[in-house]
Amino acid sequence: MKLYFAPLEGITTYTFRNTHAEIFGHCDAYYAPFITPTDNEKLSLKTIRDITPERNAGVNLKVQVLTNTASAFFKFADKIRPLGYDEVNLNLGCPSNTVCKKGRGAAFLREPEALEKFLEEVFATTDFKLSVKTRVGFASGDEFKRLLEIYNRFPLELLIIHPRTRAQMYKGMPDMDLFATAVAQCKMPLCYNGNINTAEQFNSVCSQFENLDSVMLGRGALANPAIFREIKGGEPLVTDELLAFTDALIEKYIPLLGSDIYTLHKLKEIWLYCIENYPFEKKTAKLLKKATRLSEFRKSLDFLPKECQL
Ligand SMILES: Cc1cc2nc3c(=O)[nH]c(=O)nc-3n(C[C@H](O)[C@H](O)[C@H](O)COP(=O)(O)O)c2cc1C
């Protein structure tokens, strides 16, 4: 069973991924957050900076594209081929308004005919391997049956299913019945994604669905970056590791982002998740939230107990 770190836009940058690989490891591949190519605009260097080989040496990186036009897909493929990539993951899950207004991400699920045509064109034209990361529908899970028929028509490398609709955003429970339908019907390898926050939850999904290719973890791995190790039978997370991880990120982000304040924002976003390991440390959680200086934020972390409380 392979374990993947989910793409988390704004958080799992190459800096984050490399630091995670160095300190925690045990993750079989990292999915980079989506890149949005457009038809008319050349992909800027800034856009692909996150996926260049020199910034990602030593990690198995999968690239994700957010588009609903085959022409933009081909331009994107041409741009990343020289970087050594021969596979792309298509984002059919992003629920954000700005993305959905343009018919991309989860909104592409609302247009099954257009999606089918897109996939036909992609498979007819390019030798790039394609995997898909999908939700089970836009407004309702009733849409999933038709979507599965479409996916089953194509030789997808992998189908990653986050069994929520766009309407659910990231809330509510993943629909395990719909996921079971996919397991029963899909011809391609399947990856489960959604709400795996502990090794126990991972084991429970794996025992329900024995033939999965892989499991992808997002917020659970942000909160507990050692979860991949734990799942593989290793030691649970301890505070010192989380602090070492934080210090390594601070050291790398300050020169990259050019200021303490931007670094503070990045770290605050990550610690929104990490603090879940300490449900009894309300005072420290408040200090972290309120910190206006990086030094103040870092000092507050020293109040945390040595052991995680979950
Ligand atoms: C802040 C944030 C950013 C995300 N960015 C992306 C992204 O760039 N591409 C993508 O496919 N999914 C993205 N997702 C969705 C996650 O990859 C994942 O599917 C979702 O969080 C459910 O898995 P989890 O319960 O393990 O977190 C994002 C989610 C969050 C919360």
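Starting from 1, each residue takes its place in the sequence as its number. Just follow the structure's listing: the first ligand is 1, and inside any ligand the first atom is 1.
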**Report entry** F138 six-ring face occupied by R110 cation (under 6.0 Å, within 45°)
**Finding:**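 R110 over F138 ring: yes.
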Query - R17 to Y30, cation-pi by 6.0 Å centre distance and 45° axis angle - result: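 Output no; distance or angle outside limits.
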Heavy atom of the protein closest to [atom] (residue, atom name, distance):
atom	answer
atom 12 (N) of ligand 1	K133 NZ, 2.9 Å
atom 9 (N) of ligand 1	Q64 OE1, 2.8 Å
atom 17 (O) of ligand 1	P7 O, 2.8 Å
atom 23 (O) of ligand 1	N193 ND2, 3.0 Å
atom 26 (O) of ligand 1	G218 N, 2.8 Å
atom 5 (N) of ligand 1	E9 N, 2.8 Å

With heavy atoms only and a cut-off of under 4.0 Å, state how [X] meets ligand 1: side chain, backbone, both or neither.
X	result
R219	both
N195	both
Y31	neither
H162	side chain

Query raised in the report: Counting heavy atoms only, which of Y192, Y170, F5, F34 is nearest atom 28 (C) of ligand 1?
Result: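 Going through Y192, Y170, F5, F34 one by one, Y170 has the nearest heavy atom to atom 28 (C) of ligand 1.
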**Report entry** The one among I35, L8, I227 that brings a heavy atom closest to atom 30 (C) of ligand 1
**Finding:**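 The nearest heavy atom belongs to L8.
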Query raised in the report: Taking it one step at a time, do N224 and E230 satisfy side-chain hydrogen bond (donor to acceptor under 3.5 Å, both in side chains)?
Result: CA-CA 10 Å; N224 174 7; E230 277 182 42; 3.0 Å; yes
Query raised in the report: Which distance, rounded to the nearest 0.5 Å, do you find between the CG of N193 and the CZ of R164?
Result: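 Those atoms lie 8.5 Å apart.
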Query - Separation of R135 CZ from N91 CG (nearest 0.5 Å) - result: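 Those atoms lie 9.0 Å apart.
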**Report entry** Test item, G194 contacting ligand 1 (heavy atom, 4.0 angstrom)
**Finding:**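 G194: in contact with ligand 1 (<4.0 Å).
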Report task. Find all atoms of ligand 1 within a distance of less than 4.0 Å from any non-hydrogen atom belonging to P33, and give their numbers and elements. Result ->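 Contacts of ligand 1 toward P33, numbered from 1: 8 (O).
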Report task. Would you mind running through ligand 1 and noting each atom that sits below 4.0 Å from a heavy atom of A6? Result ->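 Answer, ordered by atom number: 17 (O).
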Report task. Please state whether the rings of Y262 and H265 are parallel, tilted or perpendicular, taking 30° and 60° as the class boundaries. Result ->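 Tilted, since the angle between the ring planes falls between 30° and 60°.
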Requested in this report: Return the minimal non-hydrogen interatomic distance between L3 and I231, and the atom names on each side.
Outcome: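 That closest heavy-atom pairing would be CD1-CG2, 3.9 Å.
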**Report entry** Verdict with supporting geometry, Y31 and T12, side-chain hydrogen bond (donor to acceptor under 3.5 Å, both in side chains)
**Finding:** CA-CA 9 Å; Y31 278 70; T12 58; over 6 Å; no
Query raised in the report: Ring centres of H162 and F179 under 6.0 Å apart?
Result: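 Centroid separation for H162 and F179: 6.0 Å or greater.
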Query - Heavy atoms from other residues, nucleotides or ligands near CZ of R293 exceed 12 (cutoff 6.0 Å) - result: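 Open: at most 12 neighbouring heavy atoms sit under 6.0 Å from CZ of R293.
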